[in-house]
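Okay, structure first, notes after.
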Amino acid sequence: MGKNLYVTTAIPYVNGAPHIGHAMDYLLADIWARYQVQNGHKVRFQIGTDEHGNKNAMKAAEQGVSPQEFVDKMYLPFKEMAEKVGSGYTDFIRTTDPHHRGAVQYIWQQLKPHIYKNTYEGWYCTGCEQFYTDKEVQMTNGICPNHQKPYEHLSEENYYLRASDFTDKIREAIETNKMRIIPEFRKKEVLELIKDGVKDVSISRPRKSLSWGVAVPDDPEQVMYVWLDALSNYLTVIGYPDHEEWREYWPADVQVVGKDILRFHAIIWPAILLGIGVSLPKRILAHGFVNIGGSKISKSLGNGIDPHEIIDQYGVDAFRYYFARHIPTTDDGDFTWEKFELAYNNELGNDLGNLVQRVAAMITRYQAGVIGDSPQAEHDMGPYREAIEQFRFNDALNVTWNTVRSLNQYLDQVKPWEIAKERDTNTEAAQHLSDVLAHAASTLLQVADLLTPFMPTTATSIRTLFETSVVPADVKPLFPKIYLHTPDPKAPKTT
RNA sequence: GGCACCGUAGCUCAGCUGGUUAGAGCGCAGGACUCAUAAGCCUGAGGUCACAGGAUCGUUCCCUGUCGGUGCUACCA
């Protein structure tokens with residue numbers, strides 16, 4: 001019935017701790033995946049870690065462990081983070097997995113017609129172990145600011161991927177939306193970037209300057225550079241090339257990436273795919289960044305927000321809710337504890353939580369918990385679906401909240417508590433009351449459906465209250481008020 | 001420098017291809033109620049739609065310029 005769909009997230013480099021940006025990747029992909037699963041599709045959902053490269057090797061050396069031992073330790077927090085935000089991923093890849101390494105070497109073989117060797121010349125800092133552009137060298141007067149050493153003019157052999165061969169195909173795929181870049185303005189940026197043609201890309205380094213990586217087939221002196229290794233994960237994780245099942249999921253339906261790495265996914269990655277004769281992904285979703293109080297997250301400012309703290313204090317669903325509704329999917333968004341707590345207390349506590357509570361309480365109080373029969377509430381799902389399918393997740397939640405608001409208004413209009421006063425003496429009133437409350441319960445079940453991709457736990461809680469014919473006796477508040485970062489308004493006012 | 005975008009109520013933002021009194025949420029003020037997490041509901045105050053020209057019968061919404069801000073990208077020195 002449903003078709004197979006595949007969603008991917010960018011694999012972070014493990015040389016550091018996961019932060020809110022990674023959580024956004026996991027969350028956005030997960031919302032999309034849950035929505036598709038809800039609609040009967042089989043979804044494969046990949047996450048993983050990028051583990052090769054000098055930075056890891058250096059850190060490992062500092063700690064006196066092998067690179068493998070180092071990454072074996074460093075990848076775990078990313079997995080934990082994904083699980084903590086409730087990501088229901090199906091596949092976790094590490095680029096150090098033996099299957100991946102082998103598969104990347106296979107990809108290299110397939111790419112061979114498009115690979116050539118060339119000499120790279122540039123300014124090299126032996127401390128940083130990397131090349132710098134002429135501009136950077138000039139701006140620092142020829143001395144590396146990190147190491148206080150002059151740059152050396154070096155030349156080294158690299159293999160290059162002739163990505164330029166694919167300029168026309170890539171451009172066409174983007175222009176015609178065969179490979180759709182979302183949002184539209186990012187698509188324009190990419191097209192602008194390749195208007196003079198796609199540049200060939202270096203895909204290897206001499207082993208002497210990059211030891212921790214996948215060996216280039218048939219050339220022991222060269223090791224694969226990050227992009228070929230890392231980007232290939234999207235294919236290798238689902239079994240390419242040796243497990244045929246990869247064909248059931250590729251091309252990916254959506255590849256979620258941060259705006260900073262869009263270019264690699266929109267240009268180099270398609271070049272690789274075209275080079276090995278595999279079709280391009282259908283969509284690339286570039287999301288924005290999360291600012292903290294209007295400023296970029298930076299370690300030196302110490303303004304980072306730890307997703308763990310939010311989730312530990314307010315729960316996963318509150319976390320998912322805020323970042324889905326108050327951070328626009330494709331633009332930058334802002335987090336402050338004030339905004340978060342306002343949304344939590346007002347929207348989750350007052351609007352939704354209290355609504356669930358008041359309906360459950362009335363059914364319990366007036367009808368001993370028995371929910372009457374009600375025709376399935378009919379709602380126009382169009383705007384909601386449209387919003388999700390266009391990745392306007394915040395709008396989908398706005399639509400959901402309209403339903404919540406409407407039900408609150410409905411209850412105030414019909415006043416079940418008034419009707420209830422006559423239910424013992426008037427059978428018509430009793431029936432009316434039953435209908436009203438059944439309608440309310442039915443609407444809340446609808447809300448639960450709408451919330452499922454965003455707040456799976458909450459959706460389940462609501463369903464368990466209303467999906468059987470009897471409301472459980474002890475109903476606990478879904479979102480108890482929390483005032484950890486803002487003053488409690490119930491506290492005495494100071495005017 | 002090039003390309004793209006934005007500047008609308010205190011705040012965050014909607015306003016499709018131009019058409020009578022410019023919208024929402026939050027925040028703020030007031031009101032009626034009591035089923036509910038003192039929640040929710042109703043009403044209200046608040047905008048020269050950055051600025052200046054132009055085209056149009058008519059523009060927040062089209063064109064030009066100015067000022068201010070953002071993203072991507074390039075580069076001189």
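Every chain is numbered from 1 and lettered A, B, ... according to where its sequence line falls, protein lines coming before strand lines.
rG46(B): glycosidic angle within 90° of 0, hence syn.
The side chain of Lys259(A) contributes no N or O atom lying less than 4.0 Å from OP1 or OP2 of rG71(B). Phosphate proximity of rG40(B) to Asn350(A): present, with a side-chain N or O under 4.0 Å from OP1 or OP2.
A tilted orientation is assigned to the rings of His265(A) and Tyr234(A), their planes being inclined by 30° to 60°. The aromatic rings of Phe335(A) and Phe340(A) are tilted relative to each other, their planes meeting at an angle between 30° and 60°. Classified by interplanar angle (parallel below 30°, tilted 30° to 60°, perpendicular above 60°), the ring pair Phe264(A)/Trp227(A) is parallel. Between Phe319(A) and Phe323(A), the ring-plane angle classifies as tilted under the 30° and 60° cut-offs.
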Just the table, please: protein N/O against nucleotides 33-36 of chain B N/O, every pair under 3.5 Å.
{"from": "rC35(B)", "atom 1": "O4'", "to": "Tyr366(A)", "atom 2": "OH", "distance (Å)": "3.2"}
{"from": "rC35(B)", "atom 1": "O3'", "to": "Arg365(A)", "atom 2": "NH1", "distance (Å)": "3.2"}
{"from": "rC35(B)", "atom 1": "O2", "to": "Arg358(A)", "atom 2": "NE", "distance (Å)": "3.1"}
{"from": "rC35(B)", "atom 1": "N3", "to": "Arg358(A)", "atom 2": "NE", "distance (Å)": "3.4"}
{"from": "rC35(B)", "atom 1": "N3", "to": "Arg358(A)", "atom 2": "NH2", "distance (Å)": "2.5"}
{"from": "rC35(B)", "atom 1": "N4", "to": "Arg358(A)", "atom 2": "NH2", "distance (Å)": "3.1"}
{"from": "rA36(B)", "atom 1": "OP1", "to": "Arg365(A)", "atom 2": "NH1", "distance (Å)": "3.4"}
{"from": "rA36(B)", "atom 1": "O2'", "to": "Asn354(A)", "atom 2": "OD1", "distance (Å)": "2.6"}
{"from": "rA36(B)", "atom 1": "N3", "to": "Asn354(A)", "atom 2": "ND2", "distance (Å)": "3.2"}
{"from": "rA36(B)", "atom 1": "N3", "to": "Arg358(A)", "atom 2": "NE", "distance (Å)": "3.2"}

Shorter than 3.5 Å, N or O on both sides, protein versus nucleotides 23-28 of chain B: list them out with atom names.
{"from": "rG27(B)", "atom 1": "OP1", "to": "Asn346(A)", "atom 2": "ND2", "distance (Å)": "2.8"}

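Aromatic ring centres of Tyr321(A) and Trp401(A) lie closer together than 6.0 Å.
Contact of the Tyr384(A) side chain with the Thr400(A) side chain is registered, since non-hydrogen atoms from C-beta on lie closer than 4.5 Å. The shortest side-chain heavy-atom distance between Ser469(A) and Val370(A) does not fall under the 4.5 Å cut-off.
Remark: Glu189(A) does not engage Arg263(A) in a salt bridge, criterion side-chain N to carboxylate O under 4.0 Å.
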In B/S/- notation (B base, S sugar-phosphate only, - none; protein heavy atoms under 4.0 Å), nucleotides 8-15 of chain B written 5' to 3' is --------

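Distance CD (Glu192(A)) to C1' (rA4(B)): 8 Å, rounded to an integer number of Å. Taking atom CG on Leu352(A) and atom P on rA39(B), their separation rounds to 16 Å, with Å as the unit. The distance from atom CG of Leu262(A) to atom P of rA4(B) is 18 Å, rounded to the nearest whole Å.
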